[in-house]
S.K.: 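Below: one structure in structure tokens.
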Amino acid sequence: MEAQPRTVALFISDLHLQEAMPRTLQAFLAFLRGPARQAQQLYVLGDLFEYWAGDDDMAAPFNTRIVQALRAVSDAGVALYWIAGNRDFLIGPAFAAATGAVLLPDPYVADIGGQSMILAHGDAQCTDDAGYMAFRSEVRQPAWQAAFLARSLAERKAIIASMRQGSREAQRSKSNQIMDVNGAAITALFDSTGAGVMIHGHTHRPALHVTHSSDIERRRYVLPDWDLDSEAPHGGWIVLDAKGVLHRLDHNAVEFEVSTGP
Ligand SMILES: [Mn+2]
């Protein structure tokens, strides 16, 4: 009997794991026990956590559980890669050591199974949102992060809670277009890397966008967010199979096709 070819890579993002969403956590843990073990590589492309106050918060039971589940996956021989999201960009070397994850820069051009792919969270390409881009460049500076992490954990959590409230209010007044990626920023990324595929999350607008530059096809896959606690449960991931084909699966591992457009 021929051995089943192993899945080359899996891509997920935007689970926004938090205590208030227990079904989403259960679905993610089931994913780590099941499909993730069948893959050679697992890429987490940002916002796995709803927020991350610093690696010293790994001691919280909720976080410990997730860290241990990720560790079990890397101990099973799956190479685990991580790109920070706008919610969990304070993940650092202690988290990487505890989980076995390799922290990657954003964007990152990966050569996976002979294909060149741009991997990103997606927030850095939302260049129409000037307010967010200014905030992002501030909080991604090592000096800002060092000063923030020097505060007590309780103080950091209080600041994050008020930031999340502010972000919810700001989102209500921003148009849909401002909160999506900018087409020129995406084109520039394809142009500068020469990659034919991009995978990102952040926008919570799962889709496959196909464009052309000269005769070359460019495919941009947008990952879904996960929410198994809402009235419209959703989630999912992308698979790169042994033949080099990308598939989109929902949280029940059922293949799905959603809006495909330019
Ligand atoms: Mn995000």
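Just so you know, these numbers come straight off a predicted model, no measurement behind them. When a ligand or atom number is given, it counts from 1 through the structure's own listing order.
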S.K.: In residues 231-238, what donor-acceptor pairs under 3.5 Å come from side-chain atoms, sequence neighbours left out?
M.R.:
from   : atom 1 : to     : atom 2 : distance (Å)
His234 : ND1    : Ala232 : O      : 2.8
His234 : NE2    : Asp225 : OD1    : 3.3
His234 : NE2    : Asp225 : OD2    : 3.1

S.K.: Which is it for Asp191 and Arg218 under the salt bridge (charged side-chain N to carboxylate O under 4.0 Å, His left out) test, yes or no, and what are the steps along the way?
M.R.: CA-CA 10 Å; Asp191 285 347; Arg218 291 168 163 180; 2.7 Å; yes
S.K.: At a cut-off of 2.8 Å, list the protein N/O/S atoms near the Mn ion (ligand 1), residue plus atom name.
M.R.: Asp47 OD2, Asn86 OD1, His121 NE2, His202 ND1
S.K.: Does a donor on one side chain sit under 3.5 Å from an acceptor on the other, for Asp111 and Ser116?
M.R.: no
S.K.: Less than 3.5 Å apart, any donor N or O on the side chain of Gln141 or Gln145 sitting next to an acceptor on the other?
M.R.: no
S.K.: May I ask you to say whether Asp57 pairs ionically with Lys157, meaning some side-chain N is under 4.0 Å from a carboxylate O?
M.R.: yes
S.K.: Do you know which two heavy atoms are closest between Ser74 and Gly100, and how far apart they sit?
M.R.: OG-CA, 3.9 Å
